Engineer: 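Quick one: the structure is below, and I'll ask about it shortly.
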Number of protein chains: 2
Amino acid sequence: MSVDRTQVLRTAAALLSRKATATMDEVARAAGIGRATLHRHFAGRDALVRALEQMCIEEAEAALDTARIEEGPADEAVRRLVAASEPAAPLLAFLVTENQLFEGEGQNEGWARLDARLVALFRRGQEEGTFRIDLSPAWLCEAFYGLIGSGAWAVADGRVAANDFSYMIAELLLGGARRSVEK
Amino acid sequence: MSVDRTQVLRTAAALLSRKATATMDEVARAAGIGRATLHRHFAGRDALVRALEQMCIEEAEAALDTARIEEGPADEAVRRLVAASEPAAPLLAFLVTENQLFEGEGQNEGWARLDARLVALFRRGQEEGTFRIDLSPAWLCEAFYGLIGSGAWAVADGRVAANDFSYMIAELLLGGARRSVEK
DNA sequence: TTGAAATGAGACACAGATGTATCACCCAGT
DNA sequence: ACTGGGTGATACATCTGTGTCTCATTTCAA
């Protein structure tokens, strides 16, 4: 039976997001295949991480597309985006912390594209008057990644119910913890 | 000249928060000492991480104390806490992602104390009517850690000015991105 | 100046992960 | 039944990081 590459990557992401130092053998076992087979599909650990990176970028861009972040009020767009990003959350949680490994050398230009689209979304919200202007788009972008990661981690650890993932992240990112008369 | 243990730990935290897989040799070089000397002070990588953990817990508890989180309105307490946590931020950023390595085995009970105090703060805010009740204290606690980590990482990478660290985190955590009539 | 303590550099063996090759097996298509 | 591609298991060499040791040098105090 031929190996399902996507399934292997997905399993690897789930494992590595919890244990970043997992061995190639552990990854293989988790995916239900042999280490040799894993090696036939991904030349090495580096290639595996690169493949995960590529998959993550594709899923994140797909989330940006399906959320149609250019349409409607910015806060609604963010809400849609968080919901659409949920499937890619474990992947993001892993790569956001792992990316620093590739210091210096060529970062995948996909991250720059993602950042640009996210920053543009927050900037649009500011220009529309929906978002406050004293928090820079770059920081809101970072906070978005961070909260997605925290949410994925909290859900994986059972500290937050999976059903609440989208709501908790979007509400905190948009409205914050303070009680507001707008609510 | 005798090695400044605290300084070594601080340098190690800064390096490891950016590159979690850094070698003992890299840690030593970053601290400006030899690998052998590093080994004389910390029996091994594990002991180093444990020491970082201990130092982080102590600094975080000190931050909780100096911020006097039991006093005054909860939102003001959070603001003080974020400001007081800034020195420990790189440390926290590293350990929050590293902690998952210690799955199963004895977690340092200090984390439970920290979590309990943080959760109590958010719960108090909810009971006072300062914080919204639809976001669980556990999630707010997670988000606090996540945003501290994101902030530390963004500052280390130059994407956010160090001066803005405290303000950006506290404002986002408390007020969110959405423009509010309360501001 | 002298001497003890600490450090840096290097050597060494060891453990673990990695990358590669080989072989037997299973299963699908012929 | 046959055959070939893909797989799992295993073995092996290699590499990297680790932990320990030694020794020359430096530093600080007496």
Side-chain angles (χ1 to χ4, degrees), chain A residues 1-55 91 94-95 97-106 108, chain B residues 1-56 90-91 94-95 97-106 108:
Chain A
M1 174 179 39
S2 191
V3 162
D4 182 349
R5 177 187 168 98
T6 300
Q7 178 55 31
V8 171
L9 284 176
R10 209 162 286 282
T11 310
L15 173 60
L16 289 173
S17 69
R18 285 179 308 155
K19 183 176 177 180
T21 61
T23 301
M24 290 291 277
D25 189 66
E26 293 178 276
V27 172
R29 298 297 164 180
I33 63 176
R35 192 169 69 94
T37 304
L38 178 62
H39 228 277
R40 286 188 193 101
H41 289 268
F42 304 98
R45 186 191 186 76
D46 204 56
L48 176 65
V49 174
R50 298 292 180 156
L52 283 172
E53 196 178 22
Q54 190 58 36
M55 181 169 128
L91 216 40
F94 165 60
L95 290 168
T97 64
E98 194 77 358
N99 253 346
Q100 1 243 351
L101 293 182
F102 307 142
E103 40 178 45
E105 41 178 313
N108 190 320
Chain B
M1 172 177 43
S2 191
V3 163
D4 181 349
R5 177 186 168 96
T6 300
Q7 178 56 32
V8 171
L9 283 176
R10 210 163 285 283
T11 310
L15 172 60
L16 289 173
S17 69
R18 285 179 308 155
K19 183 176 177 179
T21 61
T23 303
M24 289 292 277
D25 190 65
E26 293 178 278
V27 172
R29 299 297 164 180
I33 64 177
R35 191 169 70 95
T37 303
L38 178 63
H39 232 278
R40 285 189 192 98
H41 289 267
F42 305 98
R45 188 192 185 74
D46 204 57
L48 176 65
V49 173
R50 298 293 179 156
L52 284 171
E53 195 176 24
Q54 190 58 38
M55 181 171 140
C56 179
L91 219 39
F94 164 59
L95 290 168
T97 65
E98 194 76 355
N99 254 345
Q100 0 244 355
L101 293 183
F102 304 145
E103 39 179 46
E105 42 178 312
N108 191 319

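Lettering follows sequence order; numbering is per chain, from 1. Keep in mind the model is a prediction, meaning the values are calculated, not measured.
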Engineer: What pairs of donor and acceptor atoms, side-chain ones from residues 29-39 of chain B against any protein atom, are under 3.5 angstrom apart with sequence neighbours left out?
Structural biologist:
| residue | atom | partner | partner atom | Å |
| --- | --- | --- | --- | --- |
| B/Thr37 | OG1 | B/Arg40 | NH1 | 3.4 |
| B/His39 | ND1 | B/Ala43 | O | 3.3 |

Engineer: Working to the nearest 0.5 Å, report the span between CZ of B/Arg50 and CG of B/Leu52.
Structural biologist: 11.5 Å
Engineer: So which atom in A/Gln54 and which in A/Asn108 form the shortest heavy-atom distance, rounded to 0.1 Å?
Structural biologist: OE1-ND2, 3.1 Å
Engineer: For the pair made of CG in B/Asp4 and C1' in C/dA6, what is the distance, rounded to whole Å?
Structural biologist: 15 Å
Engineer: Send over the distance from B/Ile33 CD1 to D/dT27 P, rounded to a whole Å.
Structural biologist: 16 Å
Engineer: Figure out the CG/C1' separation between A/Asp25 and C/dT18, and round it to whole Å.
Structural biologist: 11 Å
Engineer: Please state how far atom CZ in A/Arg29 lies from atom P in D/dT7, giving the value in whole angstrom units.
Structural biologist: 15 Å
Engineer: OP1 or OP2 of C/dT7 less than 4.0 angstrom from a side-chain nitrogen or oxygen of B/His41, does that happen here?
Structural biologist: yes
Engineer: Provide the closest heavy-atom pair for B/Leu48 versus B/Val27 in the form atom of the first, atom of the second, distance.
Structural biologist: CD2-CG1, 4.1 Å
Engineer: Grab the two heavy atoms, one from A/Leu16 and one from A/Phe94, that are nearest each other, plus how far apart they are.
Structural biologist: O-CD1, 3.5 Å
Engineer: Can you check nucleotides 19-23 of chain C for protein contacts, nitrogen or oxygen pairs under 3.5 Å, and list what you find?
Structural biologist:
| residue | atom | partner | partner atom | Å |
| --- | --- | --- | --- | --- |
| C/dG19 | OP2 | A/His39 | NE2 | 3.1 |
| C/dG19 | N7 | A/Arg35 | NH1 | 3.2 |
| C/dG19 | O6 | A/Arg35 | NH2 | 3.0 |

Engineer: Let me know, please, whether A/Gly34 or B/Thr23 comes out on the 5' side of the other along DNA chain D by nearest nucleotide.
Structural biologist: A/Gly34
Engineer: Give me the atom names and distance for the closest heavy-atom approach of B/Arg10 to B/Met55.
Structural biologist: NH2-CE, 3.4 Å
